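Just so it is clear, the structure is predicted and the values come from calculations on it, not from any experiment. Only this structure's heavy atoms are used, side chains among them; waters, hydrogens and symmetry mates stay out.
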Amino acid sequence: MRLSAPPSGGLLDFALPNFPRLSMTVRTRFAPSPTGFLHIGGLRTALFCWLYARRHAGSFVLRIEDTDLERSTPEAIQQILDGLEWAGLEHDEGPFYQTKRFDRYKDVIEELIAGGKAYRCYCSKEELEQMRAQQMARGEKPRYDGRWRERSDSLPGVAPVVRFKNPLTGEVVVDDVVHGRVVFQNSELDDLIIARSDGTPTYNFCVVVDDMDMQITHVIRGDDHLNNTPRQLNMLLALGSQAPVYAHLPMILGPDGAKLSKRHGAVSVLQYRDEGFLPEAVLNYLVRLGWSHGDQEFFSIEEMIQLFDITDVNKSASAFDVDKLTWLNQQHMMRASASRIVPVLRWHLDREGILATDEAQLEEIVRSQRERAKTVREMALNSVFFFRAPIGYDEKAVRKHVTADVPALLAEVADQLDQLTDWQAPAIHQIIIRVAAAKDLPLGKLAQPIRLAVCGGTVSPPIDATLAILGKAETLARLSKARSAWSA
RNA sequence: GCUCCCUUCGUCUAGUGGCCCAGGACAUCGCCCUCUCACGGCGAGUACACGAGUUCGAAUCUCGUAGGGAGCGCCA
């Protein structure tokens with residue numbers, strides 16, 4: 001049985017705790033909490049989950065962990081959805097919202113209490129705080145001491161929390177795909193709260209119920225969760241479920257090696273889109289953080305799917321390096337088909353207030369600009385002159401390149417270009433070198449003034465290609481305008 | 001404080017006992033190409049955290065030390 005995506009917003013009722021797993025179809029999930037934007041770390045986790053599911057023809061489930069009613073926002077949910085969509089990490093099921101599954105959690109909690117596997121605790125927050133403070137003072141690990149574990153009475157007027165009865169002895173073994181065998185002593189764990197005094201379930205508990213209900217086979221997440229795993233495993237076992245495969249990914253650090261946080265280098269993945277990065281480049285960069293395939297640096301999405309394996313993932317954290325991302329971005333721009341880049345370029349031009357409609361011209365721009373731009377945004381910025389005549393000329397460049405003979409030289413070139421019927425780069429090239437040769441000038445002495453005249457600056461694709469894209473009429477108009485500006 | 005995790009060039013990494021006085025990539029620097037800017041080519045410097053042990057032989061195995069990180073919440 002495969003679960004198909006239920007109609008959006010519908011209450012999920014595929015709660016099948018003891019339902020035997022009928023197939024070994026891989027099922028991964030990405031489970032962000034919507035308390036902020038999706039950043040690069042979250043995207044990498046999502047990518048690994050997605051790749052693993054794709055590689056094994058499994059399902060990638062999206063689950064929104066919004067049990068923290070205080071901090072979850074609809075805007076954050078939308079941001080996450082937009083980020084994943086931009087990256088192309090489409091999910092097969094979901095998004096499922098934990099807030100829509102409260103009834104299910106409540107049932108499981110009751111089941112646990114009835115089975116003697118959980119109990120109500122009437123401690124006040126103050127009481128717990130005091131307990132922790134005392135333990136810390138004694139140099140002990142702060143943890144709940146189980147004072148209500150064996151009680152069955154209640155405190156009138158006090159709303160209790162529900163705690164999971166964690167085993168007191170023995171050990172929990174997490175066979176992690178990335179970290180290997182990690183052993184935890186149950187004596188180090190305490191009875192964690194699974195339902196707050198207002199009745200709402202807590203994170204660690206919801207995760208367990210969801211992973212079980214959604215029949216997740218591979219839990220791939222950040223290794224900041226490694227410490228949570230033994231608790232979750234104990235609950236899973238108490239619910240009679242079998243454990244999924246765990247893979248705890250190393251964290252991504254900021255450029256300086258410090259933890260990536262909101263105020264420290266972490267930005268929304270959508271910002272990378274705005275800065276002109278291609279999603280496939282960002283994914284390529286991310287897949288190489290903690291994973292490698294020999295010396296290969298460049299991966300298409302297809303190659304990633306084909307080659308990625310969770311068992312090859314590294315254990316150590318890695319620092320985010322924009323320079324390498326930028327290099328990869330250019331590599332992807334250069335290797336992609338021009339038609340792949342055109343819509344992105346158009347989007348960035350649009351943001352500059354330029355409405356570009358000529359598809360063929362845009363393709364030419366991509367072809368001539370992509371090796372001189374590291375991002376599509378940079379490409380757009382460098383290409384503005386194709387759409388808008390320069391409003392002025394780079395002064396320093398004028399001083400350097402516009403000598404007394406330049407106006408006459410431009411007139412000569414303009415005359416010859418005017419005769420040209422075949423407005424193509426090779427023919428334009430012939431004219432320019434012919435004029436330069438006739439005047440016994442190196443090509444640069446002529447190309448730079450022309451460039452300055454049509455672009456306003458000294459940077460552009462090769463001059464023949466530039467003029468070819470610009471078109472005959474526009475080229476002649478700009479040459480004429482520059483000539484009069486420089487004749488004075 | 002306690003528990004758990006991590007440690008190869010500045011950065012991402014290759015490396016699973018001899019092929020490694022450590023390979024690739026980004027970045028840096030130099031040279032070449034060149035109509036600008038790039039792309040591209042060639043080259044240079046830079047790393048096995050430290051200490052013991054096992055072994056004929058260790059980046060690779062073991063132990064310890066140091067450093068970094070995570071968790072210990074009625075946050076996720």
Side-chain angles (χ1 to χ4, degrees), chain A residues 31-35 65-68 70-72 121 123-125 128-129 132 135-144 159-163 174 176 178-179 182-185 187-190 192-198 200 202-204 206-207 222-231 248 250-251 253 255 257-259 285 288-298 314-328 330 334 369-374 382 397 401 429 432-433 436 442-452 455 457-464 466:
Chain A
S33 62
T35 54
E65 311 219 318
D66 55 353
T67 52
D68 185 352
E70 304 285 307
R71 298 198 301 150
S72 299
C121 165
C123 288
S124 66
K125 289 185 188 181
L128 293 171
E129 255 165 55
R132 270 192 287 271
Q135 288 164 331
M136 290 284 262
R138 268 183 266 133
E140 292 168 16
K141 185 174 180 172
R143 48 207 281 279
Y144 178 67
V161 297
V162 178
R163 289 180 183 272
V174 179
D176 193 272
V178 175
H179 290 272
V182 184
V183 181
F184 296 87
Q185 296 302 318
S187 54
E188 291 294 333
L189 273 24
D190 64 358
L192 79 161
I193 292 173
I194 59 178
R196 303 182 182 96
S197 50
D198 65 1
T200 57
T202 59
Y203 165 77
N204 273 112
C206 295
V207 167
D223 67 9
D224 47 338
H225 289 285
L226 187 53
N227 284 295
N228 286 328
T229 310
R231 302 166 170 287
H248 286 94
M251 311 247 74
L253 274 18
K259 197 198 170 188
Y285 176 70
R288 285 284 289 99
L289 249 33
W291 176 83
S292 63
H293 181 70
D295 288 336
Q296 188 170 344
E297 299 287 351
F298 185 94
N314 277 166
K315 298 173 187 202
S316 54
S318 43
F320 186 81
D321 179 17
V322 201
D323 284 336
K324 189 150 184 183
L325 199 213
T326 306
W327 173 78
L328 265 173
Q330 184 168 33
M334 291 193 297
Q369 291 282 47
R370 58 176 158 196
E371 62 201 33
R372 59 202 91 235
K374 298 198 177 294
N382 290 347
H401 299 290
H429 184 73
I432 293 175
I433 57 170
L443 190 51
K445 290 283 183 198
L446 181 54
Q448 281 300 72
I450 296 175
R451 179 170 280 118
L452 202 46
C455 311
T458 53
V459 176
S460 89
I463 197 64
D464 49 356
T466 301

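- Base pairing of B:rC19 is not made with any nucleotide, judged by Watson-Crick or G-U wobble geometry with both donor-acceptor distances under 3.5 Å.
- Within the 4.0 angstrom heavy-atom criterion, no nucleotide atom of any strand lies near A:N382.
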Could you list the protein-to-nucleotides 48-51 of chain B atom pairs, N/O on both sides, closer than 3.5 Å?
none

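- At whole-Å resolution of the value, CG in A:D323 and C1' in B:rC26 are 7 Å apart.
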- Item | Summary of protein contacts for nucleotides 70-76 of chain B, nucleotide by nucleotide, where a base hit scores B, a sugar-phosphate-only hit scores S (4.0 Å, heavy atoms) | BBBSBBB
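- If you check the side chains of A:R451 and A:Q448, you find a donor sitting under 3.5 Å from an acceptor.
- Atom name P, nucleotides B:rU28 and B:rG73: the rounded distance is 46 Å, in whole Å.
- Considering only heavy atoms from C-beta on, A:P34 comes within 4.5 Å of A:S72 through its side chain.
- Across all strands shown, B:rG69 is found opposite B:rC4 as a Watson-Crick or G-U wobble partner, with both distances under 3.5 Å.
- Comparing the P positions of B:rU60 and B:rG18 gives an interatomic distance of 12 Å, to the nearest angstrom.
- Rounded to the nearest Å, the gap between the P atom of B:rC19 and that of B:rG53 is 23 Å.
- Following rounding to the nearest Å, A:H429 (NE2) and B:rC35 (P) show an atom-to-atom distance of 9 Å.
- For A:D176, the salt bridge (Lys or Arg N to Asp or Glu O under 4.0 Å) criterion is met by no residue, not counting sequence neighbours.
- Residue A:Q296 contributes atom CD, which lies 16 Å from atom C1' of B:rG23 at whole-angstrom precision.
- In terms of the side-chain hydrogen bond (donor to acceptor under 3.5 Å, both in side chains) criterion, residue partners of A:T200 (sequence neighbours excluded) are, by chain and number, A:R196, A:D198.
- By the side-chain hydrogen bond (donor to acceptor under 3.5 Å, both in side chains) test, A:T466 pairs with A:S460, sequence neighbours left out.
- Side-chain contact between A:N204 and A:L192: present, with at least one pair of heavy atoms (C-beta onward) separated by less than 4.5 Å.
- For A:K324, the side-chain hydrogen bond (donor to acceptor under 3.5 Å, both in side chains) partners are A:E297, not counting sequence neighbours.
- Base pairing of B:rA14 is not made with any nucleotide, judged by Watson-Crick or G-U wobble geometry with both donor-acceptor distances under 3.5 Å.
- Rounded to whole Å, the C1' atom of B:rC56 lies 22 Å from the corresponding atom of B:rC48.
- The residue A:Q369 sits apart from the nucleic acid: no heavy atom pair falls under 4.0 Å.
- Taking the ring-ring contact (aromatic ring centres under 6.0 Å, His included) definition, one finds that A:H225 meets it with A:Y203, sequence neighbours left out.
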Polar atom pairs between nucleotides 10-15 of chain B and protein, under 3.5 Å, N or O only, would you list them?
residue : atom : partner : partner atom : Å
B:rC12  : OP1  : A:A319  : N            : 2.8
B:rC12  : O2'  : A:R288  : O            : 2.9
B:rC12  : O2   : A:K324  : NZ           : 3.2
B:rU13  : OP1  : A:G290  : N            : 2.2
B:rU13  : O3'  : A:S292  : OG           : 3.1
B:rA14  : OP1  : A:S292  : OG           : 2.9

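- Map A:P462 and A:V182 each onto its nearest nucleotide of RNA chain B; the residue landing nearer the 5' end is A:V182.
- Between the side chains of A:H248 and A:T229, at least one donor N or O sits under 3.5 Å from an acceptor N or O.
- Note: CZ (A:F184) to C1' (B:rU3) measures 8 Å, nearest angstrom.
- Using a 4.5 Å cut-off on side-chain heavy atoms (C-beta onward), A:T67 and A:T202 make no contact.
- Both distances falling under 3.5 Å, in either a Watson-Crick or a G-U wobble arrangement, place B:rG51 opposite B:rC63.
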- Treat primed atoms plus P, OP1 and OP2 as sugar-phosphate and everything else as base, then score nucleotides 40-46 of chain B 5' to 3': B for base contact with protein heavy atoms under 4.0 Å, S for sugar-phosphate contact only, - for none. S------
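- In this structure, B:rG30 and B:rC42 make a Watson-Crick or G-U wobble pair, each of the two defining distances being under 3.5 angstrom.
- The CD-P distance, from A:Q330 to B:rC37, rounds to 15 Å in whole Å.
- A:K141 pairs by the side-chain contact (heavy atoms from CB on, under 4.5 Å) definition with A:R143, A:E188, not counting sequence neighbours.
- Contact check, A:H179 against B:rC6: a side-chain N or O comes under 4.0 Å of OP1 or OP2.
- Partners of A:F184 by ring-ring contact (aromatic ring centres under 6.0 Å, His included), not counting sequence neighbours: none found.
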Show me the protein contacts with nucleotides 63-66 of chain B, counting only N or O atoms at under 3.5 Å.
none

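- Between the C1' atom of B:rC5 and the CD atom of A:E188 lies a distance of 15 Å, rounded to the nearest Å.
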